[in-house]
Undergrad: 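Shown below is the structure under consideration.
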Amino acid sequence: MKALVVGSGGREHAITRALAEDSKVYAAVDNRNPGIVELAEDVREVDTNSPDEVVEYAVDVEADVAVVGPEAPLAAGVVDALEDAGVYGFGPRQADARIETDKAWARRFMRENDVTGTPEFRVFDDSDAAADYVMDVEGDVAVKPHGLTGGKGVRVTGDQLSKEEAQSYVRDSEWSDWVVEERLRGEEFTLQAFVADGEVRAMPAVQDHKRAYEGDEGPNTGGMGSYTAAGAVLPFMTRGDYDAALDIVEEVVEHLPEYRGVLYGQFMLTADGPMVVEFNARFGDPEAMNVLPIMETSFSDVVQGARDGELPEVEFSDTATVCKYAVPEGYPTEPESGAEITLSPEEAGDALVYYASVEERDGRLYTTTSRSVAVVGLGASIEDAERDADDALSMLGDGLRVRHDIGKPSVVERRVSHMEQVRR
Ligand code: AMP
Ligand code: GLY
């Protein structure tokens, strides 16, 4: 099979590596990710948000399928345009991608269809009205701009932000359209599933770490790292919690019968079970790097099966994974680019290395202003996987920063006791 990959981050490096086992991969990229360049038959730099440019490349290389990594091309209608050109896009069409790209639409869709785990919310198209409501409504809230902000537009009131501060934030911000919703309390986790023709194939649950600094301090980022436990269920949850989250994903697909690609559920495990924080219309980054390396079913078979109306069963090995991103010093608020990246796949021991946003000059790699490179440790336990990941990161040079706490036994144990406290 000839598979086109759209996008060029760590997630797309992982997608490329998984597809390249059984397919010829062509990559439409925004920047020349050296990991993708090494694995692909051919790479073309395009505007990945331009349906015309992506389709032109897909047609030139006679791609059988295209796997779209990031959300922005989905929002731009890249899958619709591929379809018009006769290329199967593994990703939702623009209308179904609204589950991620339009938070107001997504919440209304969940309410109209009575989707389990939908929090209380109100939608506003006026900042002053939204700000007033923040003060009027009882209890803590999350305030979210409607559109895509890379997770950076959301604010949650509570220990770190007062309702007065949230009100000023909403009133003074550049956005006018808001969802204000009930604050959910508990532990967050991600459940991703392959979806086609109403069929759902679940992946192991993952816990991402969005805050920039150790101990979950600092601003939100795209995700600093993530882990899975052997056997799909995270230490702070039960099999019943996992199944409840999967039921919610299946409810959504029932009401979006045309949905295809990866559906990503972000859940808060609360005292009342999993509640929906949001849905994404694609693999998570970093979460893709946790699940794709432990897939026992060929990813090419999954995509081809989706195209042919025969989505296969999907198996994963009983392996724990820990993924940690190295990011430029100062990321995400004042990232300093230009540090040399000395970490290489050859010297990472048993860990896997995935490149994200790096710049190549004279055969050397340097940081840009986004997440640079990720390592993934694999093991029988989270502890083993974490050790491999951290060993590989010991070679990291100056000018890069890592959250070493991700996947450490004491930190995982804290999640478990937090969840016990929440359930009490
Ligand atoms: P989102 O872009 O919707 O994923 O929001 C970014 C982050 O804000 C989430 O990962 C949560 O940590 C937090 N968040 C969003 N909505 C809520 C909510 N209703 N209650 C508590 N935290 C939330
Ligand atoms: N890791 C969060 C996301 O991909 O949206």
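Atoms considered below: every heavy atom in the structure, side chains included; atoms not considered: hydrogens, waters and symmetry mates. Each ligand, and each atom within it, is numbered from 1 in the order the structure gives. Predicted model, so just to flag it, every value in this text is computed and none were measured.
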Undergrad: Would you mind checking if Arg107 and Glu181 are paired as a salt bridge, meaning a charged N to carboxylate O distance below 4.0 Å?
TA: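 Salt bridge present between Glu181 and Arg107.
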Undergrad: Does the distance from a Lys or Arg side-chain N to an Asp or Glu carboxylate O, for Glu287 and Arg11, drop under 4.0 Å?
TA: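 No, no charged N to carboxylate O under 4.0 Å.
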Undergrad: Does any pair with a residue in residues 236-245 pass side chain to side chain donor-acceptor pair (under 3.5 Å), and if so which ones, sequence neighbours excluded?
TA: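 Qualifying pairs: Thr238-Asp241, Asp241-Arg423.
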Undergrad: Specify whether Phe194 and Phe90 have parallel, tilted or perpendicular ring planes, treating 30° as the upper limit for parallel and 60° as the lower limit for perpendicular.
TA: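 Rings of Phe194 and Phe90: tilted, as their planes differ by 30° to 60°.
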Undergrad: Any salt bridge between Arg403 and Asp216, counting N to O under 4.0 Å?
TA: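 Looking at Arg403 and Asp216, the cut-off is met.
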Undergrad: Does CD in Glu334 sit with more than 12 non-hydrogen atoms of other residues, nucleotides or ligands closer than 6.0 Å?
TA: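 No, not enclosed.
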Undergrad: When only distance counts, is Glu188 in polar contact with ligand 1, meaning an N/O pair under 3.5 Å?
TA: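 Yes, since at least one N or O of Glu188 sits under 3.5 Å from an N or O of ligand 1.
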Undergrad: Using the test side-chain hydrogen bond (donor to acceptor under 3.5 Å, both in side chains), find all partners of Asp140 that sit at least two apart in sequence or belong to another chain.
TA: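 Asp140 satisfies side-chain hydrogen bond (donor to acceptor under 3.5 Å, both in side chains) with Thr157, Arg185 only.
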Undergrad: Would you call Arg155 a ligand 1 contact, heavy-atom distance under 4.0 Å?
TA: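 Judged by the 4.0 Å heavy-atom criterion, Arg155 does not count as contacting ligand 1.
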Undergrad: At a 4.0 Å cut-off, with the gap strictly under it, does some heavy atom of Gly223 reach an atom of ligand 2?
TA: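 Checking ligand 2 against Gly223, which is what was asked, there is no heavy-atom contact under 4.0 Å.
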Undergrad: Using distance alone, decide if ligand 2 has a nitrogen or oxygen within less than 3.5 Å of any nitrogen or oxygen in Asp285.
TA: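 Such a contact does occur with ligand 2.
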Undergrad: Taking the basic N atoms (NZ, or NE/NH1/NH2) and the acidic carboxylate oxygens, is any pair closer than 4.0 Å for Arg171 and Asp132?
TA: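 Yes.
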Undergrad: Answer yes or no: is there a side-chain heavy-atom contact under 4.5 Å between Val302 and Arg201?
TA: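 The answer is no, as the side chains (C-beta and beyond) never meet within the 4.5 Å cut-off.
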Undergrad: Any nitrogen or oxygen of Leu184, side chain or backbone, less than 3.5 Å from one on ligand 1?
TA: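 N/O-N/O distance below 3.5 Å exists for this pair.
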Undergrad: Do we see a donor-acceptor contact under 3.5 Å between the side chains of Tyr354 and Asp285?
TA: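 No donor-acceptor contact under 3.5 Å links the two side chains.
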Undergrad: Would you say the rings of Tyr264 and Phe283 are close, in the sense that their centroids are separated by under 6.0 Å?
TA: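 No, ring centres 6.0 Å or more apart.
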Undergrad: Just let me know how Glu287 lines up against ligand 2, side chain, backbone, both or neither, with a heavy-atom cut-off below 4.0 Å.
TA: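 The answer is the side chain.
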Undergrad: Between Asn220 and ligand 1, is there a nitrogen or oxygen pair with a distance under 3.5 Å?
TA: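 Min N/O separation from ligand 1 is not below 3.5 Å for Asn220.
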Undergrad: Side chain, backbone, both or neither: which part of Asn280 has a heavy atom under 4.0 Å from ligand 2?
TA: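 It is the side chain that gets close, since no backbone atom is under 4.0 Å.
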Undergrad: Below 3.5 angstrom, do we get any N/O pair linking Glu278 and ligand 1?
TA: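 Yes - when backbone and side-chain N and O of Glu278 are compared with those of ligand 1, one distance drops under 3.5 Å.
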Undergrad: If you measure from each heavy atom of Tyr264 to ligand 2, is any distance below 4.0 Å?
TA: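 Tyr264 counts as a contact of ligand 2 under the 4.0 Å cut-off.
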Undergrad: Have a look at ligand 1 and work out which part of Arg185, if any, has a heavy atom under 4.0 Å from it: side chain, backbone, both or neither.
TA: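 Answer for Arg185: neither.
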Undergrad: Counting each atom of ligand 1 from 1 as listed, which ones have a heavy atom of Met268 under 4.0 Å away?
TA: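 Checking each atom against Met268, I get 21 (C), 22 (N).
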Undergrad: Pick, from Thr157, Thr190, Val276, Val156, the option with the minimum heavy-atom distance to atom 22 (N) of ligand 1.
TA: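 Answer by nearest heavy atom: Val156.
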Undergrad: Which ligand 2 atoms are under 4.0 Å away from a heavy-atom of Gly284?
TA: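 Here the atoms of ligand 2 in question are 4 (O).
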Undergrad: Taking 4.0 angstrom as the limit and counting only heavy atoms of Lys210, give me the atoms of ligand 1 inside it, by number and element.
TA: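 This gives 10 (O) as the contact atoms.
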Undergrad: Distance under 4.0 Å to a non-hydrogen atom of Ala142: what atoms of ligand 1 satisfy this?
TA: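 Here the atoms of ligand 1 in question are 16 (N), 17 (C), 18 (C), 19 (N).
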Undergrad: For atom 5 (O) of ligand 2, grab the closest protein heavy atom and report residue, atom and distance to one decimal in Å.
TA: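 Here the nearest protein heavy atom works out to Arg282 NH2, 2.9 Å.
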Undergrad: Only heavy atoms of Asp208, strictly under 4.0 Å: list the atoms of ligand 2 that pass.
TA: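 By the 4.0 Å cutoff, the relevant atoms are 1 (N), 2 (C).
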Undergrad: For ligand 1, which atoms sit closer than 4.0 Å to a heavy atom of Arg183?
TA: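 Going through ligand 1 atom by atom, the ones under 4.0 Å from Arg183 are 20 (N), 21 (C).
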Undergrad: Can a non-hydrogen atom of Gly222 be found less than 4.0 Å from any atom of ligand 2?
TA: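 In this structure, Gly222 qualifies as a contact of ligand 2 - some heavy atom is under 4.0 Å.
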Undergrad: Tell me whether Arg93 is salt-bridged to Asp96, with the criterion being a basic N under 4.0 Å from an acidic carboxylate O.
TA: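 Looking at Arg93 and Asp96, the cut-off is not met.
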